[in-house]
Amino acid sequence: MFLFIPLISRSQTQTIVNSTLKGQVIDQVTRKGIAGASVSITGTTHSVQTDKDGRFNFVTGQKLPYTLVITFIGYEKREVIARTEAIEIELKEITNQLNDVVVVAYGSQERRNVIGSVVKTSLDDVKNIPGGSFESQLQGKVAGVQITNNTGVPGETVNIRLRGANSINGNNNPLYVIDGVFISNTSLQTYDTGGKSTSPIADINPNDIASISVLKDAEATVLYGVRGANGVVIITTKRGNFNQKPKLDLNVNNGFAKAIKLWDLATGPQHAELINENYINTGGTFATRPFRPVSEGGRGLPEEQQTYDRLSQVFRTAALQNYDVSLAGGNNGTKYYISAGYNKQESILAPISFDRASFKANFDQKITNKITVGISNTLGRTHRNEGRAGDGPAGGLLQAALHTPTYLSPYNAQGVLVGRAGFDNVQLLLENYDINSTSLRYIGNLYGEAELLPGLKFRSSFGLDYTNYPESEYWNTFLISGSPNGLATSSVGQRTSLLNEQTLSYSFKVNDKHTFGILVGNTLQSDVSSTTSATGRGFANNSYKLISSAAVTTGSERWSRRNLAAFFTKLDYNFDGKYLLDFSLRADGSSAFGKDKQWGYFPGVGAAWQVKEENFLKNVDFITDLKIRTSYGITGSQNGADDFSSLGLWSGGSSYLGNPGTAPQQIANPDLGWEQTTQFNTGFDLSLFEGRLAFSFDYYRKYTSDGIISSPLAATTGFSSYTKNQIEISNRGYELGISSTNIKGKDFNWTTSFNISGNKNKIEKLSALGEVWKQGPDLEYRGKPFVLFLPI
């Protein structure tokens, strides 16, 4: 939508030239130029960036000699004195990544100064793993993050749990932030496809992602308040560099997927023999057994039966294709990144498939040396040919293949394909399957940033996440769901999320030992969703599929909105690089709650001790870094509540003697408020041998109170249930991550990573029918032990 940044002319003041400097920044090991490195002169605002070969040119009013400061992500910062007009500068790659920049809430920090439990990862080493979305590629890379895929179907929902589940009624997936935009991870799908749903995250092309930060503890997530209770995944997409020559990247890969043999099914004769045994064991006689000679009125002897393999019909060798092209670069005042991609994947379960076309354009423009504006644009079109994976026989692909007896022919006596035993005929199902959805999605962010004073920055941004999601299905007369005269449904869902944020940050030093940082900001957000659907039954023949051709048509419409306002602040303090302390506070107001319960206040505090900076460890060479950290905070959640859960609602259209009218739909609960999760975290980071061996350990305890649940009501009230705060859930666990660099050379690298985590998730308190169930050492109800089976 916003794909153009106007060129802005500005006057240049004439500079007195006292020296020129030409140089090159190279990698210490490979001796290759480093593109995009920043080179600046101490005591001035003058800086340049290296080109694709690592070269740079300075024309400055400073006189030689002067000190240059060279920085680049992934390399150690270096200061050198330039004495002549030509210089070559070597940078050493950071093995331990202590100086690596980590994206955190509303900013970034060097890894050594991070207090919270934050893990930064990249998709570079897994980007070629087939997957509809980046979540599946992230699997196994971050300790404490559990990623499960219900079906394995490309583009389907992937469940992510950061340190367990906090809610029963609500979505337990983390908050996703892409380039500052809070994006939705809730599917707009309305059709029943056997308990599975499409993933909105699959609309994002993983090739456009530069880095991912996973925020796990309260200190790291509290600034996101209501959004941060389940953890936060911050996604930073690729951007160009200033003074970078155009760089064109092309990535093409193709492959295939094939399921191993899943089951050895009974053959036709074996199945028939089992039917006979069951018949006799349940009271039948041998003389009347189903599989006996045809001359005796039977179906033929078991050994005379054929075997019909239906699994080979539904499972196939699936084709995978992926194409990505990108262009990145920039000059003194502008940088850009433009990309396009196409991904198509067939599922091993026919006829399901997924294909995504994507386009991305990021631009940044310096208005002056102190003012920068930029825009991020992500546009995706995702089409899915869907199928039912479960939920009974009607339209279930796998069920029809597995549960139809292997001795049954797909043809009747007249040679016509028919369904048998209450299941669709697999061949007819594959030939006539017609469930489709298409997602058109735009994610955009426009920002402006100004340095008002040295160390004082103001930033304002406007974000948009828009999805249009049409879906359709048609069941013809050959299939059980379409019997007897066909069934068609069509639905169009839309969701719009508007976001506006302002932040003001100030950082300063006192006596070179005391570093202070202050952040204040506010957020305004509005989410609107709507769905319009129609159903048609009774078609003249299977050539008609439009609902307008149906004999009976019905329709429905849904609209909902939620508004959120928030204010937040953060104070941080760093003493001599040894002792780190910060305090955060966020106030959230949500329209989903009762009038007097709309505002929630969520504080967080964290501290860290850089033990390596102490005198007794400074000279211990094999220890590169040792940091001990701890944090405590409270985060909130509104996921368990619908947009109007606290209100008394009425519904229209109710008929009384054939006349339209209204009727009560939902009872009000003005006391409905926030779910709150308190979390304590402690851990350490240890790096040895120049970072070639690193350990990270965390222990945490989480407790959710005032959890939201839909509680049943007595039928005499006229309502079936109402939404209230009553649940209490606890989580506690540990996380251990180990990484090593075994070999690092010019042409060959060998790294190893390992992580393990444990989590105990427990329902401490649950209410139903006005009673309270408590779980202590033993689960009891009214003083008597019982077993509770509860899906989470």
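Because only heavy atoms are used, hydrogens play no part in the values below, and waters and symmetry mates are left out as well, while side chains stay in. The structure presented is a predicted model; accordingly, all values stated were derived computationally and were not measured. Throughout, residue positions are numbered sequentially from 1 according to the sequence presented.
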*Flag for Tyr75-Asp27: side-chain donor and acceptor within less than 3.5 Å*: yes
*Would you find a donor on one side and an acceptor on the other, under 3.5 Å apart, between the side chain of Asn500 and the backbone of Ser461?*
yes
*Provide the closest heavy-atom pair for Gln525 versus Ser497 in the form atom of the first, atom of the second, distance.*
NE2-OG, 2.9 Å
_Given 3.5 Å as the limit, does a donor-acceptor pair link the side chain of Asp364 with the main chain of Val373, or not?_
no
*Taking atom types as modelled, find out whether Ser529 and Arg561 have a side-chain donor-acceptor pair closer than 3.5 angstrom.*
no
*Give a yes or no answer on whether the side chain of Lys216 reaches the backbone of Thr221 with a donor-acceptor pair at less than 3.5 Å.*
no
_Charged N-O contact under 4.0 Å between Arg495 and Asp527_ = no
_If you apply the rule salt bridge (Lys or Arg N to Asp or Glu O under 4.0 Å), what do you find for Asp355 with Arg381, and how did you get there?_
CA-CA 8 Å; Asp355 71 84; Arg381 177 261 187 199; 2.9 Å; yes
*Knowing that exactly one of Asp179, Asp208, Asn377 qualifies, which makes a side-chain hydrogen bond (donor to acceptor under 3.5 Å, both in side chains) with Thr237?*
Asp179
_Note, Leu498 side chain near Leu464 side chain (heavy atom, < 4.5 Å)_ = yes
_Distance-only polar pair, side chains of Tyr336 and Asn241, donor-acceptor under 3.5 Å_ = no
*Residue pair Asn563 / Ser526, side-chain donor-acceptor N/O under 3.5 Å*: yes
*No-hydrogen, no-angle side-chain donor-acceptor test under 3.5 Å, Lys360 and Thr378*: yes
*Should Val177 and Ile235 be marked as a side chain to side chain contact (heavy atoms under 4.5 Å, CB included) after you check the CA-CA gap, both sets of side-chain angles, and the distance that decides it?*
CA-CA 6 Å; Val177 183; Ile235 301 165; over 6 Å; no
*Any side-chain donor paired with an acceptor under 3.5 Å for Ser590 and Gln638?*
yes
_I need the minimum non-hydrogen distance between Gly606 and Ile115, along with the two atoms involved._
C-CG2, 3.7 Å
*Would you tell me whether Glu501 and Thr523 have side-chain atoms, one donor and one acceptor, within less than 3.5 Å of each other?*
yes
*asked:* For a side chain to side chain contact (heavy atoms under 4.5 Å, CB included) check, start with the C-alpha distance between Arg83 and Leu64, then their side-chain angles and the critical distance, and finish with the verdict.
replied: CA-CA 6 Å; Arg83 302 182 185 277; Leu64 291 169; over 6 Å; no
*asked:* Using 0.5 Å steps for rounding, measure from the CZ atom of Phe56 to the OG1 atom of Thr50.
replied: 8.5 Å
*asked:* Counting C-beta onward and ignoring hydrogens, is there a side-chain heavy-atom pair between Glu90 and Arg78 closer than 4.5 Å?
replied: yes
*asked:* Using modelled atom types and a 3.5 Å cut-off, is there a donor and acceptor pairing between side-chain atoms of Gln365 and backbone atoms of Gly333?
replied: yes
_Inter-residue atom distance Thr71.OG1 - Gln49.CD, 0.5 Å rounding_ = 8.5 Å
*Would you indicate whether the side-chain heavy atoms of Asn230 and Leu175 approach each other to under 4.5 Å?*
no
*asked:* For the aromatic rings, using the six-membered ring if either is Trp, is the centroid distance between Phe182 and Tyr224 under 6.0 Å?
replied: yes
*asked:* Please check this pair: side chain of Arg586 against backbone of Val222, looking for a donor-acceptor N/O pair closer than 3.5 Å.
replied: no
*asked:* I want to check a possible cation-pi pair here: Lys570 against Tyr106, using under 6.0 Å from ring centre and within 45° of the ring axis as the test.
replied: no
*What are the two closest heavy atoms between Ser696 and Asp685, and how far apart are they?*
OG-OD1, 2.9 Å
*Rounded to the nearest 0.5 Å, how far apart are CG of Leu379 and CG of Leu440?*
6.0 Å
*Is a donor on one side and an acceptor on the other found under 3.5 Å between the side chain of Ser117 and the backbone of Asp217?*
no
*Does a side chain donor of either Tyr442 or Asp465 reach within less than 3.5 Å of an acceptor in the other side chain?*
no
*asked:* With a 4.5 Å cut-off on side-chain heavy atoms, are Tyr323 and Asn251 touching?
replied: no
_So, applying side-chain hydrogen bond (donor to acceptor under 3.5 Å, both in side chains) with Asp324, which one of Asn343, Asn205, Asn253 is it?_
Asn205
*Considering non-hydrogen atoms only, spot the tightest contact between Ala218 and Gly633 and give its length.*
CB-CA, 3.5 Å
*Would one find more than 12 heavy atoms of other residues, nucleotides or ligands at under 6.0 Å from atom CG of Asp512?*
no
*Given side-chain hydrogen bond (donor to acceptor under 3.5 Å, both in side chains), test Glu690 with Thr624 step by step and report yes or no.*
CA-CA 5 Å; Glu690 293 295 324; Thr624 309; 5.0 Å; no
*With side chains defined as the heavy atoms from C-beta onward, is the minimum distance between Phe602 and Leu585 less than 4.5 Å?*
no
*Ion pair present between Glu88 and Arg31, side-chain N to carboxylate O less than 4.0 angstrom?*
yes
_If you apply the rule side chain to side chain contact (heavy atoms under 4.5 Å, CB included), what do you find for Phe72 with Val39, and how did you get there?_
CA-CA 9 Å; Phe72 188 69; Val39 184; over 6 Å; no
*Please examine the side chains of Thr372 and Ile367, heavy atoms only from C-beta on, and report whether any two atoms are closer than 4.5 Å.*
no
Anything under 3.5 Å between a donor and an acceptor, one on a side chain of residues 449-456, the other on a protein residue two or more places apart or in another chain? List them.
{"unit_1": "Glu449", "atom_1": "OE1", "unit_2": "Arg459", "atom_2": "NH1", "d": "3.3"}

*asked:* Using side chain to side chain contact (heavy atoms under 4.5 Å, CB included), reason through Thr503 and Phe568 one step at a time and then give a plain yes or no.
replied: CA-CA 9 Å; Thr503 59; Phe568 53 87; 3.9 Å; yes
*Side-chain (Ser376) to main-chain (Gly444) donor-acceptor, under 3.5 angstrom*: no
*Name the orientation class of the two ring planes belonging to Tyr573 and Phe516 (parallel below 30°, tilted from 30 to 60°, perpendicular beyond 60°).*
tilted
*Only one of Val232, Leu215, Ile160 clears side-chain contact (heavy atoms from CB on, under 4.5 Å) with Pro174; which?*
Ile160
_Less than 3.5 Å apart, any donor N or O on the side chain of Gln494 or Tyr466 sitting next to an acceptor on the other?_
yes
_Distance-only polar pair, side chains of Thr67 and Glu79, donor-acceptor under 3.5 Å_ = no
*Nearest-0.5 Å distance that lies between atom CG in Asp572 and atom CG in Leu580*: 9.0 Å
*Using a 4.5 Å cut-off on heavy atoms from C-beta on, say whether the side chain of Ile34 contacts that of Leu91.*
yes
*Mind checking the CZ-CG spacing from Arg441 to Asn468? Nearest 0.5 Å is all I need.*
12.0 Å
*Just checking, Lys335 and Phe242: is the charged tip under 6.0 Å from the six-membered ring centre and within 45° of the axis?*
yes
*Could you tell me whether Lys513 atom NZ has more than 12 heavy atoms of other residues or ligands within 6.0 Å of it?*
no
*To the nearest 0.5 angstrom, please state how far the NE2 atom of His514 sits from the OH atom of Tyr579.*
12.0 Å
